Novice: 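Pasting a structure below so you can have a look.
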Amino acid sequence: MAMIPSFFGNRRSSIFDPFNSFDLWDSFKDFPFPSSSSIISLENSAFVNTRIDWKETAEAHVFKADLPGLKKEEVKVEIEDDRVLQISGERNVEKEDKNDNWHRVERSSGKFLRRFRLPENAKMDQVKASMENGVLTVTVPKEEVKKPDGKAIEISG
């Protein structure tokens, strides 16, 4: 295993740590375009990729977003006229103290924005949102699908 870390940033160690190795590895470093780390700043990369689950139940469309450390006042949930659910927010950068000695900065800060086009059966006027333990839940009720009334037809003959 000692040889594997040499592929990731030319570091050699007797202990292979796959999570620590990737933070210095840039797979595009030899290509003639800007480094992948300069395209999206590291401080905002996690918010750019804010993960949101969308499930559909019999009664509603349910969206869940992990937003650890954010207060509900720092998150906005909006519905646009063209049936688009928009979830956005911002986490502020922690204030730096000149006497602090930072060893690692992995928590993200900055703005995020996610948009979802809702289906025709969404009740746009009854959307509800709640936030508990850093998880935002947005519930969009669905209109009931009315089954056509059936009528028995007598067969002649």
Side-chain angles (χ1 to χ4, degrees), residues 1 4-5 7-9 11 13 15-29 31 33-148:
M1 292 304 260
I4 293 175
F7 291 112
F8 303 104
R11 298 182 316 170
S13 172
I15 300 172
F16 177 62
D17 181 0
F19 300 105
N20 196 22
S21 299
F22 285 106
D23 63 349
L24 296 177
W25 182 53
D26 184 359
S27 59
F28 299 106
K29 69 178 183 203
F31 288 94
F33 50 82
S35 165
S36 62
S37 61
S38 67
I39 294 171
I40 298 174
S41 74
L42 291 176
E43 82 176 57
N44 293 328
S45 63
F47 266 5
V48 170
N49 296 317
T50 297
R51 306 287 192 225
I52 299 179
D53 296 337
W54 175 2
K55 74 175 178 179
E56 182 176 354
T57 66
E59 299 82 29
H61 296 275
V62 181
F63 298 83
K64 288 194 175 202
D66 289 337
L67 303 172
L70 289 183
K71 299 174 190 152
K72 65 181 183 179
E73 296 81 18
E74 297 171 316
V75 179
K76 276 176 55 174
V77 177
E78 301 172 295
I79 298 289
E80 296 179 355
D81 292 334
D82 53 349
R83 307 184 72 78
V84 174
L85 170 67
Q86 179 172 300
I87 300 171
S88 61
E90 181 173 6
R91 178 180 293 138
N92 295 321
V93 178
E94 189 173 328
K95 293 181 182 178
E96 286 190 37
D97 185 349
K98 299 298 179 195
N99 297 325
D100 290 342
N101 185 16
W102 290 85
H103 293 281
R104 192 165 196 92
V105 177
E106 293 183 345
R107 296 181 336 153
S108 59
S109 61
K111 296 180 181 182
F112 69 92
L113 172 79
R114 294 294 307 272
R115 301 177 78 189
F116 301 92
R117 180 163 309 278
L118 297 171
E120 295 293 323
N121 66 350
K123 291 183 179 178
M124 307 301 287
D125 57 337
Q126 296 180 15
V127 176
K128 294 184 179 171
S130 64
M131 192 153 171
E132 186 176 336
N133 296 326
V135 178
L136 172 70
T137 302
V138 179
T139 305
V140 183
K142 292 172 24 178
E143 294 179 13
E144 293 180 31
V145 177
K146 294 184 179 182
K147 295 181 181 178

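Predicted model only: the values in this text are computed from it and were never measured.
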Novice: Can you tell whether the side chains of Glu78 and Lys76 come within less than 4.0 Å, N to carboxylate O?
Specialist: yes
Novice: Roughly how far, to the nearest 0.5 Å, is the CG atom of Asp53 from the OG1 atom of Thr137?
Specialist: 10.0 Å
Novice: Can you tell me how far OG of Ser130 sits from NZ of Lys128, rounded to the nearest 0.5 angstrom?
Specialist: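 Rounded to the nearest 0.5 Å, the NZ-OG separation comes to 10.5 Å.
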Novice: Taking Glu74's backbone N and O only, do any of them form a donor-acceptor pair with Arg91's side chain (distance below 3.5 Å, no angle check)?
Specialist: no
Novice: Check whether any side-chain heavy atom of Phe112 lies under 4.5 Å from a side-chain heavy atom of Ile52, and answer yes or no.
Specialist: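 Phe112 does not reach Ile52 side chain to side chain.
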Novice: What is the minimum heavy-atom distance between Pro141 and Ala60, and which atoms define it?
Specialist: CA-CB, 3.8 Å
Novice: Rounded to the nearest 0.5 Å, how far does CG of Leu136 lie from CZ of Arg114?
Specialist: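 If I round to the nearest 0.5 Å, the distance is 12.5 Å.
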Novice: Count the heavy atoms belonging to other residues, nucleotides or ligands that lie under 6.0 Å from CD of Glu73, then report whether that count exceeds 12.
Specialist: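 Above 12, so yes.
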Novice: Between Val84 and Arg117, what is the shortest heavy-atom contact and its length?
Specialist: CG2-NH1, 3.8 Å
Novice: Below 30° counts as parallel, above 60° as perpendicular, anything between as tilted: where do the rings of Trp54 and Phe116 land?
Specialist: perpendicular
Novice: For the atom pair CD (Glu143) and NZ (Lys123), what is the distance rounded to the nearest 0.5 Å?
Specialist: 6.5 Å
Novice: Measure the NZ-OG1 distance between Lys64 and Thr139 for me, rounded to the nearest 0.5 Å.
Specialist: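 The distance works out to 8.0 Å.
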Novice: Please check if the number of heavy atoms outside Lys142 that lie under 6.0 Å from its NZ is greater than 12.
Specialist: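 Yes.
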Novice: Test side-chain contact (heavy atoms from CB on, under 4.5 Å) on Met124 and Asp81 and set out the steps.
Specialist: CA-CA 9 Å; Met124 307 301 287; Asp81 292 334; over 6 Å; no
Novice: Taking atom CG of Leu118 and atom CZ of Arg83, what is their separation to the nearest 0.5 Å?
Specialist: 7.0 Å
